[in-house]
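Chain letters run A, B, ... following the sequence lines, proteins first and then strands; every chain starts at 1.
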2 protein chains.
Amino acid sequence: MMAKRTNNMADVLSSVPLFRKVERAEVVALAEQVRELQVERGEILFQRGDRPHGFYVLLEGRITLAFPSEQGAERILEVIKPGETFGEALMFLGHPYPVFSQASVDSRLLDIPEQAINNLLDRDTQLAKKMLAGISIRLHELVSNLEACSMRSSAQRVACMLQHAAPTKGAQEYDVQLPAAKHVVASQLNLTPETFSRVLHVLTESGLIEVSGRVIKVLNAEGLRKLQL
Amino acid sequence: MMAKRTNNMADVLSSVPLFRKVERAEVVALAEQVRELQVERGEILFQRGDRPHGFYVLLEGRITLAFPSEQGAERILEVIKPGETFGEALMFLGHPYPVFSQASVDSRLLDIPEQAINNLLDRDTQLAKKMLAGISIRLHELVSNLEACSMRSSAQRVACMLQHAAPTKGAQEYDVQLPAAKHVVASQLNLTPETFSRVLHVLTESGLIEVSGRVIKVLNAEGLRKLQL
DNA sequence: CGCTAACTTGACAAATGTCAAAACATGTGG
DNA sequence: CCACATGTTTTGACATTTGTCAAGTTAGCG
C-alpha cells in the first residue's frame, strides 16, 4: 500500500518539469519525503516572516505571492501556475519569507523538504543546473518588474504588459484575455485599480485598444510600442 | 612562463569566495580559461542588450549595474564590490543584459566563460550549491528592493537604508558613511537627488539624524523604525 | 429580478519630479 | 594661502503623476 503511494508520488514528481530528467531511483527516494498539500481558495500557505523548511511545487490551482500591508492594500508580486516551483531561493538562504502566499483557487501542491533536495543536488548535477536556471528566470523577472516600477509611467507599464501578452511577436492586432480580475492585474503592475481603469480609458481614447470586460483588443501594437520610448 | 601565469591566476581564483572550496586541480583548469580585464573609471563593461558569454568576478574597484534612460537619468540597481560576482543569472538564461555595467573607479575583474563554469558545475556539487546561494541572495535583494519601491514612501526608503547601515542591530546611535555620492545613493533608492536631499532635511528637522557631508549621524534609530509602520 | 462584487468616474489631495538658481565643496595653479 | 574653476548639493517655485475617497455604474449570478 505504501509502495503504491510512493509510486504514485514518484509519477507525479516526474511530471514536474524540474524533476523530469531525474533518475527513477532518485525520484522514488524523493517521493518518500515529499508531502502533498491541499489548500482551499483564500487559504494562506505561509505568512510573511515564516521560516522556510523547503520549497513548493504547484500541481493544480493558483497561488499568489504578495507583500502584505496594514490596510489590506497588498501588492501582488507573482502568480504561480501549475508546474512551477516557489520558495527555493528563501530555502537556500534560510531567511524568513518576505511575502505571504495565498491560494486564489483551491490548489494542490507538493512540499519538498530542504534535506531531500539538498541530498539530491549532491547526486544530480543536471538538477542543480535546472534549479539555477529556474531561479535565474525568477531573478530576471524581478529585474524587469523593478525596471517597470522605476523607469516607467503607469501607461507605459500597461502598454508593456499588453505587448508581452501578444500571441506572436510583431502582431499588430490581437486579443488579450486578462488572467485575473482587473484589481489583481493592477496590483501586479503596481497600480491602483482606479489608475489602471483610467489608463485603459486613455488608451481606448487614443484608439490603441478596445476594452470589453476582461478582454482587451489591441488595435495598434506599434502605437503601444511608441509609448515606451 | 605560461604555467606561472596559470598558477597566479589559480591563486587569485581561490581567493574569491565562490571558488574557495574548489579543488586545486579544478581551479588550475579553470585558470586556463579565464581572462583578466582592466577597465578604467567610466568605462562601460557591457551595454544593455549585449549577449552574455559568461559571468564576472570583481577583484578590485567598483562596478555599477544600472538601467539606462534616454535623458541620462539612469537608475542604479546595484553596486558590485570586490569579491562579488555578477551576470551569472543572465548567462544561465542566455538572455541579453537588461542593465548596463560601468566602472565607477578603475577596476580589475575576471571574465569566466560559460563553458568553463558549466563543466565545473558537473564536477563540483558544492560549487553548484554556492552559486544557487549566491543567486538566491541576489533574488532576495531584488525582492526587498521591489518591496521598497512599491510599498514605501521616500522617507521610509531612506529610513530603511539607514537602518540597514547600522553597525549592530538595535544600536540607537551611530554614524553612517554614505558609500558614494548622494545622487548615486538617491538613484539606488529610486529617488531624485532633490527628493533625497529634502528627505534628509525633514529627518534632520525631526531630530532623528544629523547630516554633515557624506556622514549621517543617526540619533534615534527607534524613531526611524517607527516611520516604517 | 435583485444582490453582491467588480469596475468606473469625478473631485480632490498628496507625493514626487522638474527646472533653475543659489550655496557649498573641492582641487588646482599661481 | 588665495582665487578660480568645477562639480556636488541644497533650495524654491511649480508641474505632473498617482493615490484617495466617495459615489455611481455595470455585470454577473443565484
Donor-acceptor pair between Q163(B) and Q228(B) side chains, under 3.5 angstrom: yes
Members of residues 152-161 of chain B that approach DNA chain C, where some heavy atom sits under 4.0 Å away: S153(B), S154(B)
Relative orientation of the end axes in the helix from dC1(C)-dG30(D) to dG30(C)-dC1(D), expressed as an angle to the nearest 10° (five pairs per end): 30°
Heavy atoms from other residues, nucleotides or ligands near CD of E222(A) exceed 12 (cutoff 6.0 Å): yes
Protein proximity profile, nucleotides 8-15 of chain D - base contact B, sugar-phosphate-only contact S, no contact -, cut-off 4.0 Å on heavy atoms: -SSBBB--
Partner of D175(B) by side-chain contact (heavy atoms from CB on, under 4.5 Å), out of I216(B), V218(B), V215(B): V215(B)
Minimum heavy-atom distance K81(B)-L58(B), with the two atoms named: C-CD2, 3.6 Å
Backbone of A10(A) reached by a side-chain donor or acceptor of S14(A) within 3.5 Å: yes
Side-chain H-bond candidate by donor/acceptor type, E147(A) with S150(A), under 3.5 Å: no
Matching residue for V143(A) among L65(B), N145(B), L142(B) - test: side-chain contact (heavy atoms from CB on, under 4.5 Å): L142(B)
P68(A) versus P98(A), closest heavy-atom pair with distance: CD-O, 4.5 Å
Heavy-atom contact window of chain B on DNA chain C, given 5' to 3' at under 4.0 Å: dT16(C) to dC19(C)
Salt bridge (charged side-chain N to carboxylate O under 4.0 Å, His left out) partners of R20(B), counting only residues at least two apart: none
Backbone of V185(A) reached by a side-chain donor or acceptor of Q188(A) within 3.5 Å: no
Side-chain donor-acceptor contact under 3.5 Å, Q102(B) with E74(B): no
Listed partners of R214(A) passing salt bridge (charged side-chain N to carboxylate O under 4.0 Å, His left out), at least two apart: none
